[in-house]
Amino acid sequence: MAFGIDLVLTTLSKTSKQVGILVLSIVLTRYLTQTDYGTYLHVQLIANVAIWTFMLGIPHSVYYFLPKVRQQRTMMLTTVALMMTIAGLVGISVIAFGDQLSNLLNNPSLKNLIYITAGIAFFQIPLAIYEPALIASNKVRTFIMTDSVFNIGFFLVILIPTLMTGDIKTILISLCAFHGIQLLVYLFVLVRTALQFNNSNDGDDYRVREQLEYSLPIGLSQGIFELSRYGDKVIVSHFFDPATLAIYTRGAMDIPLLNIINNTIDNLMMPKLIEAYKDKCAQSLLKLWHDTIALTASFMYPSFFFLVFTAPYLIPGLYGDDYKEAVPIFQIYSCGIIFRVSTYNVIVRVIGKTGMMAWVAAFSETANILGTIILVKNFGLWGAPFATILSYMIIVFGYLFGISRRLEVSLAAIFPWRILFGVGAIAGIATIPLIPIHYLIELGHPSLGYWPALGIMAVVYSLVYWALMRFLPVLQENHREMLRSMLPSRLRILI
C-alpha cells in the first residue's frame, strides 16, 4: 500500500510540473514578444542540452550501486562531488563558447545572457541525482515533499516577473536564483542523508571507476534519446530568427496527458509482460503486448484525429492569434501520436536486449538531424516537423524489426495491424460530424470564440466515438475487459 501511495504521489508531482510548464508557455506567449520568447527558449535549450549530454548516466548508477555497496556514505558524497565537478566544467564551457552558441542559434541577444545561461545549467546538473539518491535511501516522502514545493516555486518565479515586468533578463535572473536556492537545499538534504549512513560489513566495495563503467553506456543511450527532443529546435534556430522558433515550438509540442497515458500503461503492464515471457514463450508475450497496444490505441487514435481537426481552434485559443502560423506545424507534429501506441522499448527490456535501444536511438537521431537540415533547406519551416515524424517511423520500424528477429516472428505477426486499422478508422469516421459544426461556426457564429467551439466539438466527437466503439465489433472482449478494469464500477456498462 505504501509503495502504491508513493507511486501515485510521485507521478502527481511530476505531472504537476509538466502542466505548470504548459501553463507558463501560455503566459509567456501572451506577455512576451515572439523574439523575447524565442530567446527564453534558447536559454532553456542550451541548459537542457548541456544537462542531458554531460550527466553521463550517473544518476542511474545511484539506483544500482547505493543499495549494494558497503561505503554508502562515501559513494553518495563522491557522486555529489562528481556532479558538482561536471556542472562546473559545463558552466565554464557555456561561457567560453558563448559567441559560438549565439551564432549557432542565430540569436545575438544570447551574448548578453550567457553568464545567466551558464548559471542555470550549473545549478541544474547536480539536481539530477536528488531523486535517485533519496529513493535509493528509502526517503521517498522527503523527495515528494521537496519536489512538490520546488515545482510550485518554479512556476511562481517565472510567472511573477513575467506579469510584473515582462522583461526577459529579469525572468531569467529570477529563474537562475531559484535554481541556486534549490541546489543549496538539495545539497543540504543529500549531505545530511549521506552522513546518516555507516559503513557496513555487507555489500561490495565502492569504486568510482566501476560506477562510471556502468553509467557511461546508459548516459550515452539516454543522452541520444533526450537530444532527439531538441535536435529539430537547434536546427530551426540556426536557419530562422528567435521569433520563428517561438512559433515553431508552439506547434511542435507534446500533449502531456498523452505521454502520461502511454508510459503509465506500459509501466503498469511491465510485470505482466515479464510474467508472460518467463518461459520464453513469444506468443504469450505478443498476445499480452497486442492487448496493451489495443488499449493504448483506443486513447491515442481519437486524440490524434481530434487534435488535428481542432488545431485551428486549439493553438490560437492557447497562445493567441499571433501564433496561428503554428497550426500546420502542430498538425504535422501530431502525426507522431499514431506511433505512440507503445513505448516499444518495454518489450526490449522484457526480453533483456537493451543494447538495441542505443542503436535505434543513434540511427533515428542521425536521420532526424540530416532529415531536418535537408527538408528545412528545401521546404522551409514545415520541413522540420516532417523530419521528426520520419524519425518516429525509423524508431518504430527499428524496434519492430529488432523485436521480430529476437522473437523469431514475422513483421506481419509482431504488431496488431488489423485492430489498429479498425480503431483508427472509427476515430477518423467520428470526425465527420465535426465538419458541419465547423462550417456552422465559421459562417453563422464567427464570434463564438475558440474555447466554446472546442467544447462543442469535444462533446460531439466523444459521443460519436464512444457510440461507434461501443456498438461496433472493433475491440475483442478481452480488450473491453481491460478498459472496464480502468473505470469505476458504475461506469463499466459504458464499455
Side-chain angles (χ1 to χ4, degrees), residues 41 45 224-240 244-263 266 293 296-297 299-312 314-315 323-345 357 359-403 411 414-415 417 420-421 423-425 427-428 431:
L41 293 172
L45 181 64
I224 293 172
F225 270 113
E226 291 295 334
L227 286 174
S228 67
R229 298 168 52 192
Y230 307 114
D232 59 325
K233 297 172 181 63
V234 172
I235 294 168
V236 167
S237 298
H238 182 70
F239 286 103
F240 301 95
T244 303
L245 174 69
I247 293 171
Y248 176 77
T249 56
R250 292 313 88 209
M253 68 170 185
D254 292 322
I255 305 299
L257 181 60
L258 297 184
N259 290 332
I260 292 168
I261 290 174
N262 187 5
N263 289 308
D266 272 1
I293 290 172
T296 309
F299 293 101
M300 291 294 181
Y301 283 5
S303 299
F304 161 69
F305 281 100
F306 181 77
L307 288 171
V308 169
F309 190 90
T310 61
L314 178 64
I315 296 301
Y323 285 82
K324 281 186 175 181
E325 293 178 63
V327 169
I329 297 170
F330 179 75
Q331 291 172 319
I332 298 168
Y333 204 82
S334 293
C335 292
I337 298 173
I338 296 173
F339 306 108
R340 294 184 185 177
V341 290
S342 176
T343 57
Y344 303 97
N345 64 37
M357 296 168 60
W359 287 106
V360 171
F363 190 70
S364 66
E365 179 56 13
T366 301
N368 189 17
I369 292 173
L370 294 178
T372 302
I373 293 173
I374 294 170
L375 292 178
V376 165
K377 282 186 174 181
N378 287 278
F379 301 103
L381 191 61
W382 286 23
F386 275 118
T388 300
I389 300 306
L390 175 64
S391 72
Y392 279 145
M393 295 173 63
I394 292 172
I395 289 173
V396 172
F397 178 78
Y399 274 127
L400 293 182
F401 180 75
I403 293 169
L411 280 172
I414 201 70
F415 221 49
W417 305 103
L420 291 179
F421 179 80
V423 174
T431 61

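Residue numbers run from 1 in the order of the sequence given. Side-chain atoms are counted along with the backbone in the values below, which use heavy atoms only and exclude waters and symmetry mates.
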At what distance, to the nearest 0.5 angstrom, does [atom1] of [X] lie from [atom2] of [Y]?
X: Phe304; Y: Thr431; atom1: CZ; atom2: OG1; answer: 10.0 Å
X: Leu400; Y: Ile395; atom1: CG; atom2: CD1; answer: 11.5 Å
X: Leu245; Y: Ile235; atom1: CG; atom2: CD1; answer: 12.5 Å
X: Phe415; Y: Ile293; atom1: CZ; atom2: CD1; answer: 4.0 Å
X: Leu45; Y: Lys233; atom1: CG; atom2: NZ; answer: 8.5 Å
X: Leu390; Y: Ile374; atom1: CG; atom2: CD1; answer: 10.0 Å

Give me the atom names and distance for the closest heavy-atom approach of [X] to [Y].
X: Ala252; Y: Ile329; result: N-CG2, 3.8 Å
X: Val308; Y: Ser334; result: CG2-CB, 4.1 Å
X: Ala246; Y: Leu41; result: CA-CD1, 4.0 Å
X: Gly424; Y: Phe305; result: O-CE1, 3.3 Å
X: Ala311; Y: Val327; result: O-CG2, 3.7 Å
X: Arg250; Y: Ile315; result: O-CD1, 3.8 Å

Taking the side chain as C-beta and beyond, is there a heavy-atom pair between [X] and [Y] under 4.5 Å?
X: Met253; Y: Phe330; answer: yes
X: Ile414; Y: Phe401; answer: no
X: Gln331; Y: Pro385; answer: no
X: Ile247; Y: Phe240; answer: no
X: Ser237; Y: Tyr248; answer: no

Contacts of type side chain to side chain donor-acceptor pair (under 3.5 Å), residue Thr388, not counting sequence neighbours: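 Scan of Thr388 (side chain to side chain donor-acceptor pair (under 3.5 Å), adjacent residues dropped) gives none.
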Aromatic ring pairing Phe339/Tyr392, orientation class (parallel under 30°, perpendicular over 60°, tilted between):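 Because their plane-to-plane angle lies in the 30° to 60° range, the rings of Phe339 and Tyr392 count as tilted.
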Heavy atoms from other residues, nucleotides or ligands near CZ of Phe239 exceed 12 (cutoff 6.0 Å):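 More than 12 heavy atoms, drawn from other residues, nucleotides or ligands, come within 6.0 Å of this atom.
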